[in-house]
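Just follow the structure's listing: the first ligand is 1, and inside any ligand the first atom is 1. All values below come from the heavy atoms of this structure, side chains included, with hydrogens, waters and symmetry mates left out.
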Amino acid sequence: MERIVVGLSGGVDSSVAAATLHQQGYDVVGLTLWLMKGKGQCCSEGMVDAAKLCEDLGIEYHVVDSREVFEREIINYLVDGYGSGITPLPCSQCNRAVKFGPMLQYAREELGCDRIATGHYARITQNAETGRYELRRAVDPAKDQSYFLYDLTQDLLAACDFPLGHQTKTETRRVAAALGLHTAEKPDSQDLCLIEHHGSMQTFLDKYLAPKPGDIVDTEGRILGQHTGIHHYTIGQRKGLGIAAANPLYVVGFDMGKNHVIVADRSDAHLPDCTVQRVNWVAIAAPQEPMKVSVQIRYRSEAVGATLVPLASGNGTGDRVRIVFDEPQFGVTPGQAAVWYDGDRVLGGGLIEAAVPELSAPMTEAGALSH
Ligand SMILES: Nc1ncnc2c1ncn2[C@@H]1O[C@H](COP(=O)(O)OP(=O)(O)OP(=O)(O)O)[C@@H](O)[C@H]1O
């Protein structure tokens, strides 16, 4: 019987993933990573629900204390990022550095097995020609989580199963009810686990970053109002600015030196391009030439047409690219991921860099764009 470790959050998705693999004849081991200090979703009720599931299925259950790695990789990452004026994306970072990597390491070192699974909605296939493992969008577009998984390495994709990627959430709930799982009726999580834990990102950040009020200015530097601290704002934000203006205004940038939040009309809040760093190539190796892609710049946004231009990076590993959008895009947010696709296949992805003036200059690093 093949052994497989299933990551259990205590929710319905991971319960069904574990129960499905168990039914298929795998020797399933349930594992919860204890992520957050204090009482919280995955950290108290979640563990109780996960333990009960394993008891009902008659399978082993392990809890791995991952609070330190979560603090190092996620809490510090968020606090440092917000403190320097970007909007970090914790989920892709958490998947690679906190969940999948350590889970596979634990599976290999402690449980003598080489396979892991989660309740994520995405699919993995292997390309017969290239041999590469490919990450694909889930069958259920409303639940697709491939955007958060772009940073998984080939080693992780090779070892991983997503048993729910071929079904809709409705089917998952139906399976949970049919199997009589006690988690069948558990509501879906609505937000980032950290936000569910702390109430809001602001409450979380205020524990670590002292509020530093300053001016809200327009792109000409005219003072329009006051802000409560740059870390409370994100690019594209409209609500909560407290400015009365004829047209709605959106956050378009920050001046960290002057402690300014910069706002503009929606028409001025679009960018023609952006650069992306820490790129992970998934379905293909780093290209040498510009290529057409569909790119998604937020979890809930549609993929849009763009040209990807490889940029020379210091170490020559293809880990930096420029994305030139077919149409200027709203809400291009430094710190968030840009993930590019060919149809439903993730080609690669990385983190949007803060725009600095020289990066908007015409291409010099890796050949001109051919439109
Ligand atoms: N603390 C954890 N320990 C181990 N695995 C986890 C943990 N949290 C999440 N996972 C795994 O990652 C998957 C996706 O997590 P996410 O936070 O997106 O949960 P979800 O979609 O609400 O799923 P679920 O219904 O299982 O909670 C889960 O299905 C589970 O397999």
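- Within 6.0 Å of CD on E110 lie more than 12 heavy atoms contributed by other residues, nucleotides or ligands.
- Checking only distances, G7 does come within under 3.5 Å of ligand 1, N or O to N or O.
- Residue-ligand proximity, L31 to ligand 1, at heavy-atom distances under 4.0 Å covers atoms 4 (C).
- Looking only at side-chain heavy atoms (C-beta outward), I230 and N259 come within less than 4.5 Å of each other.
- With rounding to the nearest 0.5 Å, the separation of CG in L78 from CZ in F204 is 5.0 Å.
- Checked by distance only, ligand 1 and M103 stay at 3.5 Å or farther apart across all their nitrogen or oxygen atoms.
- Geometrically, ligand 1 and A117 share no nitrogen or oxygen pair separated by less than 3.5 Å.
- Checked by distance only, ligand 1 and S14 come closer than 3.5 Å through their nitrogen or oxygen atoms.
- Those atoms of ligand 1 with a heavy atom of T118 less than 4.0 angstrom away are 31 (O).
- When only interatomic distances are considered, the shortest N/O to N/O separation between S15 and ligand 1 does not fall below 3.5 Å.
- The V12 neighbourhood of ligand 1 comprises atoms 25 (O), with distances under 4.0 Å to a heavy atom of that residue.
- Nearest-heavy-atom check against atom 18 (O) of ligand 1 across H62, K99, H120, Q145 picks out Q145.
- Residue contact check: S9 has heavy atoms under 4.0 Å from atoms 7 (C), 8 (N), 9 (C), 24 (P), 26 (O), 27 (O) of ligand 1.
- Residues passing the ring pair (Phe, Tyr, Trp, His ring centres under 6.0 Å) test with F162 are H120, sequence neighbours excluded.
- Taking the side chain as every heavy atom from C-beta outward, Q93 and R278 approach each other to under 4.5 Å.
- Using the six-membered ring where Trp is involved, Y106 and H62 have ring planes that are perpendicular, over 60° apart on the 30 and 60° scheme.
- Salt bridge D144/R137: present, at least one basic N to carboxylate O contact under 4.0 Å.
- Nearest heavy-atom pair across V16 and A176 is CG2-CB, 3.6 Å.
- Looking at V6 against ligand 1, nothing comes within 4.0 Å, counting heavy atoms.
- Proximity of D188 to ligand 1, defined as any heavy-atom pair under 4.0 Å, is not found for any part of the residue.
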* To do: Given salt bridge (charged side-chain N to carboxylate O under 4.0 Å, His left out), test K258 with D215 step by step and report yes or no.
  => CA-CA 9 Å; K258 294 182 178 153; D215 295 329; over 6 Å; no
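- Taking every heavy atom of D13 and a limit of under 4.0 angstrom, the matching atoms of ligand 1 come to 20 (P), 21 (O), 23 (O), 24 (P), 25 (O), 26 (O).
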